[in-house]
Number of protein chains: 2
Amino acid sequence: MRRAHHPEAGEITLTGVMAALSDPIRVGLVRVLADGRERGWGELQAPVAKSTLSHHLRVLRDAGLTRTRQEGTRCFVVLRREDVQARLPGLLQAVLAAAEEDDIGRQVSVKGAERPA
Amino acid sequence: MRRAHHPEAGEITLTGVMAALSDPIRVGLVRVLADGRERGWGELQAPVAKSTLSHHLRVLRDAGLTRTRQEGTRCFVVLRREDVQARLPGLLQAVLAAAEEDDIGRQVSVKGAERPA
DNA sequence: TTCGATGTTCGTGAAACATCGAACAAGCTA
DNA sequence: TAGCTTGTTCGATGTTTCACGAACATCGAA
């Protein structure tokens with residue numbers, strides 16, 4: 001469980017973010033985090049092995065889209081909405097709206113939340 | 001020189017577009033086409049072999065970002081701005097603004113246009 | 001018909017990516 | 001201390017992507 005590297009807000013790149021959000025699972029994760037609430041790893045449900053989920057969360061973090069905090073043995077994630085907005089104005093908003101419209105990333109959910117069948 | 005397949009406007013997907021625009025060269029191509037003018041293949045300058053350029057143009061076309069027209073032996077491309085806007089409102093605008101800001105894809109230009117050093 | 005120009009496709013590598021299970025590290029808890 | 005939980009890292013595998021040059025197809029011009 002090593003230290004996670006987070007890029008500065010200024011280091012967020014357009015192509016990095018585009019690449020990170022070109023995977024439905026990662027879009028789903030961002031959607032789940034879109035309400036701004038911090039979530040624990042364990043709350044996140046996705047149809048992949050935990051090592052794969054760890055990988056996806058790392059890609060999001062490396063792209064500067066999320067921030068990870070560690071507390072004891074468990075981790076929490078938040079969307080870095082302001083930072084992304086500062087560097088790429090309007091992008092996240094457009095992506096989230098489109099993802100919502102097409103229900104992209106519906107495979108990802110939060111444990112305990114009401115999931116529409 | 002076979003028929004090029006173009007997805008319908010409705011078939012444009014978020015993740016497809018995100019993936020297509022996660023490459024600086026393709027962002028550069030879109031930037032060049034952003035003025036809405038149709039361009040001939042030969043006008044496009046990019047630091048890659050022509051087969052590679054053909055590949056990138058195909059990826060853009062397959063994602064629904066551009067439309068290709070054939071005239072004799074040569075081809076022309078246009079940005080499908082309205083179609084993309086209809087499916088993914090605000091996305092292209094945000095990408096273009098960010099690309100302009102960071103000068104992403106500057107390696108791509110139009111032959112004969114003034115290129116700032 | 002022969003040639004040149006223009007794109008596409010093919011064959012091929014190298015690199016990146018998604019995915020998994022297994023092994024590992026670190027911190028609680030018993 | 002031993003064991004459980006949580007998340008990361010490693011190695012393997014298969015797929016996709018990017019890149020190139022070469023070969024091919026097509027059209028217009030000589």
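Predicted, not measured: the structure shown is a model, and the values here were computed from it. In what follows, every chain begins at residue 1, and chains take the letters A, B, ... in the order their sequences are listed.
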Measure from CZ on Arg74(B) to P on dA29(D) and round the result to the nearest Å. 10 Å

Is Arg26(B) near enough to dC18(D) that one of its side-chain N or O atoms lies under 4.0 angstrom from OP1 or OP2? yes

Rounded distance in Å - CG (Leu53(B)) to P (dA5(C)): 18 Å

Gap between atoms CD and C1', on Gln70(A) and dT5(D) respectively (whole Å): 14 Å

Does the side chain of His56(B) get closer than 4.0 angstrom to OP1 or OP2 of dA19(D) through an N or O atom? yes

Which nucleotide in the list dT5(D), dA18(C), dT8(C) gets nearest to the side chain of Arg61(B)? dT8(C)

Euclidean distance, atom CZ of residue Phe76(B) to atom P of dA5(C) [Å, nearest integer]: 17 Å

Within the distance-only criterion (no hydrogens, no angle test), does the side chain of Arg80(B) pair as donor or acceptor with the backbone N or O of Arg67(B) below 3.5 angstrom? no

Below 4.0 Å: OP1/OP2 of dT8(D) and any side-chain N or O of Trp41(A): yes

Quick one: which of dT26(D), dG7(C), dG27(C) gets closest to the side chain of Thr73(B)? dT26(D)

Main chain of Ile104(A), side chain of Arg31(A): is a donor-acceptor contact present, judged purely on distance under 3.5 Å? yes

Side chain to side chain contact (heavy atoms under 4.5 Å, CB included) evaluation trace for Lys111(A) with Leu44(A): CA-CA 6 Å; Lys111(A) 224 170 251 175; Leu44(A) 304 172; over 6 Å; no

CG of Leu44(A) versus C1' of dT8(D): gap in Å, rounded? 16 Å

Could you check which nucleotide pairs with dC20(C) in any of the strands shown, counting Watson-Crick or G-U wobble with both distances under 3.5 Å? dG11(D)

Could you check which of dT19(C), dA22(C), dG7(D) has an atom nearest any side-chain atom of Ser51(A)? dA22(C)

Of Ile25(A) and Glu71(A), whose nearest nucleotide on DNA chain C comes first from the 5' end? Ile25(A)

Salt-bridge present (Arg39(B), Asp35(B); N to O < 4.0 Å): yes

Is it the case that dG7(D) (base atoms only) and Ser54(A) (side chain only) share a donor and an acceptor within less than 3.5 Å, ignoring hydrogens and angles? no

Can you tell me the distance, in whole Å, between the NZ atom of Lys50(A) and the P atom of dC10(D)? 15 Å

dC20(C), OP1 or OP2 - any side-chain N/O from Thr52(A) closer than 4.0 Å? yes

With no hydrogens and no angle check, just 3.5 Å: does a side-chain donor-acceptor pair link Arg26(A) and His56(A)? yes

How long is the line joining CG of Asp62(B) and C1' of dT9(C), in whole Å? 14 Å

Spell out, yes or no, whether Phe76(A) and Leu57(A) are grouped together once hydrophobic residues are joined by side-chain heavy atoms under 4.5 Å, including indirect joins. no

Counting only Watson-Crick or G-U wobble pairs whose two distances fall under 3.5 Å, which nucleotide matches dG27(C)? dC4(D)

Nearest-Å distance, CD (Gln107(A)) to C1' (dT19(C))? 14 Å

Of the nucleotides dT6(C), dT9(D), dA18(C), which has the atom closest to the Asp23(A) side chain? dA18(C)

For Val48(A), which contact category applies under a 4.0 Å heavy-atom criterion: base, sugar-phosphate, or nothing? sugar-phosphate

